[in-house]
*Asks:* 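What follows is a structure written as structure tokens; I'll ask about it next.
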Amino acid sequence: MMDFDPVYQPFQSSRYTVTASRGMVASSSAMASNAGLDMLKMGGNAVDAAVAAAAVLSVTEPTSNGIGGDAFAIVWMKDKLYGLNGSGTAPQKLSIETLKAQGIDKIPEHGWIPVMIPGQPRAWAELIHRFGKLTMKQVLAPAIHYAEEGYAVSPVLSYLWGKYVAKNKEEYKKSDVYKNWLKTFTKDGEPYKFGEIVRFPDHARTMRLIAESDSESFYSGKIAEAIVRQSDRDGGYISIEDLKNYHCDWVEPISVNYRGYDVWELPPNGQGLVTLLTLNILKNQTFDSNDEIGKYHTLFEAMKIAFEDGISIITDPSCMKENYRDYLTDAYGKQRYIDIDSRAKTYMPYNPFKSGTVYLCTADNEGNMVSYIQSNYHDFG
């Protein structure tokens with residue numbers, strides 16, 4: 001969504017380059033993009049727009065994200081680059097030994113065991129406090145509005161909603177752990193359909209408490225107390241101390257130079273390193289414009305190698321045994337490039353899971369920009 005004075009420039013046969021002089025917001029939801037644009041019209045900057053759009057996405061695309069997940073942001077503010085890691089941490093009471101004692105040798109996808117301390121609300125507040133021009137109440141107002149007044153389900157959202165409910169409905173009915181999920185995200189056990197109006201009054205109350213307390217209620221107030229009560233009820237591990245002690249980390253973005261362009265990502269524990277590993281391999285290739293098959297073959301193989309390396313080394317920075325920067329050297333990129341030949345190879349013992357999340361980016365009339373992602377990791381989280 002762009003400002004109200006756009007210029008369209010034809011590009012190729014069916015694509016367009018879109019420019020705008022006073023700001024732009026790009027997201028997967030028109031409601032979220034509009035919310036971000038409203039912040040720019042109110043005098044806010046790219047950061048205000050990003051947080052507003054992110055908050056709306058937690059309401060309007062619940063199949064892909066929510067407020068209980070991780071957040072990562074790269075901020076270009078007044079000609080300087082900043083990185084924010086708002087990923088979750090494990091509860092103090094949860095350990096490998098604790099799970100093994102219960103006969104659990106693999107983290108399950110559902111239930112309280114995989115739930116981390118959510119980083120999103122704290123990340124929103126960190127971004128607004130450090131760079132925003134508006135208040136949390138102002139930037140979260142659109143999300144509260146959509147949660148209270150409702151919105152119409154889009155075709156894509158309807159499809160994802162139906163797919164997830166069909167897959168998990170019967171399992172969820174077997175346990176009280178999922179009783180509130182079924183009450184919130186289904187209509188008498190059935191998914192919401194295209195065109196139906198969805199309202200989340202409890203989510204609206206939660207967002208209002210976050211807005212009024214600059215996210216503190218989520219970590220030490222009423223929301224925190226409610227999270228711990230339900231965690232205790234359902235056999236979870238989250239304590240009030242876990243929530244009170246949670247903090248985001250401001251980090252230095254990392255980069256590789258690819259054909260004259262510096263490409264930036266956040267360092268581990270985020271997965272952005274995989275993008276840089278891929279580019280570090282591909283910069284050794286001179287692509288033949290007449291060899292489309294060979295070009296895509298090389299691209300796919302480089303990505304497979306990068307994911308193999310990423311899966312083997314990316315984890316919490318305090319637990320990494322190897323220096324990830326060694327994998328970004330020119331010598332290592334060339335070494336991995338040599339591994340690619342004319343045959344497709346299996347570089348990993350398994351295929352990565354398929355899932356979705358949300359991404360957005362914003363820009364304002366001062367040249368400030370935000371690249372932002374938030375996720376609950378899997379399905380509805």
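Since the structure is predicted, the reported quantities are computational estimates derived from the model, not experimental observations.
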*Asks:* Using only atom types and a distance under 3.5 Å, with no angle test, would you say the side chain of Tyr327 pairs donor to acceptor with the backbone of Leu273?
*Replies:* no
*Asks:* Could you label the plane-to-plane angle of the His203 and Phe200 rings as parallel, tilted or perpendicular, counting under 30° as parallel and over 60° as perpendicular?
*Replies:* perpendicular
*Asks:* Do the side-chain N and O atoms of Glu126 and Trp250 include a donor-acceptor pair separated by under 3.5 angstrom?
*Replies:* yes
*Asks:* Is there a donor-acceptor pair closer than 3.5 Å between any side-chain N or O of Ser217 and the backbone N or O of Leu209?
*Replies:* no
*Asks:* So if you build clusters from Ile, Leu, Val, Met, Phe, Trp, Tyr with side-chain heavy-atom gaps below 4.5 Å, do Phe287 and Val263 land together?
*Replies:* yes
*Asks:* Indicate yes or no for a side-chain donor-acceptor contact from Asp70 to the backbone of Ser87 under 3.5 Å, with no hydrogens or angles considered.
*Replies:* no
*Asks:* Are Ile313 and Phe72 connected in a single hydrophobic cluster, I mean Ile/Leu/Val/Met/Phe/Trp/Tyr linked by side-chain heavy atoms less than 4.5 Å apart?
*Replies:* no
*Asks:* How about Asn180 and Gln230: do any of their side-chain heavy atoms sit closer than 4.5 Å?
*Replies:* yes
*Asks:* Can any side-chain N or O of Asp309 pair as donor or acceptor with the backbone N or O of Ala306 at less than 3.5 Å?
*Replies:* no
*Asks:* State the CD1-CD distance between Ile67 and Gln374, to the nearest 0.5 angstrom.
*Replies:* 10.0 Å
*Asks:* Taking Lys93 first and then Asp242, would you say they form a salt bridge - that is, a charged N and a carboxylate O separated by under 4.0 Å?
*Replies:* no
*Asks:* Taking only Lys NZ, Arg NE, NH1 and NH2, and the carboxylate oxygens of Asp or Glu, determine whether Arg122 and Glu216 approach each other closer than 4.0 Å.
*Replies:* yes
*Asks:* For the pair Asp232 and Arg229, find out whether any cationic side-chain nitrogen is under 4.0 Å from an anionic carboxylate oxygen.
*Replies:* no
*Asks:* So, does Asp48 use its side chain to make a donor-acceptor pair with the main chain of Leu134 at under 3.5 Å?
*Replies:* yes
*Asks:* If we ignore hydrogens and angles and just use 3.5 Å, is the side chain of Asn323 paired with the main-chain N or O of Arg325 as donor and acceptor?
*Replies:* yes
*Asks:* Going by atom types only, do Ser58 and Gln120 share a side-chain donor-acceptor pair under 3.5 Å?
*Replies:* no
*Asks:* Measure up the Tyr246 and Tyr219 rings against each other and bin them: parallel (under 30°), tilted (30 to 60°), perpendicular (over 60°).
*Replies:* parallel
*Asks:* Counting distance only, does the side-chain N/O of Asn245 pair as donor-acceptor with the main-chain N or O of Glu241 below 3.5 Å?
*Replies:* yes
*Asks:* Donor-acceptor pair, distance only, cut-off 3.5 Å: does the side chain of Ser154 make one with the backbone of Leu157?
*Replies:* yes
*Asks:* Could you check whether Glu292 pairs with Lys295 (Lys NZ or Arg NE/NH1/NH2 to Asp/Glu carboxylate O, under 4.0 Å)?
*Replies:* yes
*Asks:* Report yes or no: does Arg199 contribute a side-chain atom to a donor-acceptor pair with the main-chain N or O of Glu149 at less than 3.5 Å?
*Replies:* yes
*Asks:* Indicate, with yes or no, if the rings of Phe185 and Tyr164 have centres closer together than 6.0 Å.
*Replies:* no
*Asks:* Calculate, to the nearest 0.5 Å, the distance between atoms OG1 and CG belonging to Thr298 and Asp341 respectively.
*Replies:* 10.0 Å
*Asks:* Please give me the minimum heavy-atom distance between Ala123 and Cys248, naming the atom from each residue.
*Replies:* N-SG, 3.5 Å
*Asks:* Using the rule side-chain contact (heavy atoms from CB on, under 4.5 Å), only one of Leu127, Val358, Ile74 pairs with Tyr372; which is it?
*Replies:* Leu127
*Asks:* Can Met77 and Asn45 be said to form a side-chain contact (heavy atoms from CB on, under 4.5 Å), step by step?
*Replies:* CA-CA 10 Å; Met77 180 65 61; Asn45 61 19; 3.9 Å; yes
*Asks:* Any side-chain heavy atom of Ile210 within less than 4.5 Å of one from Ser215?
*Replies:* yes
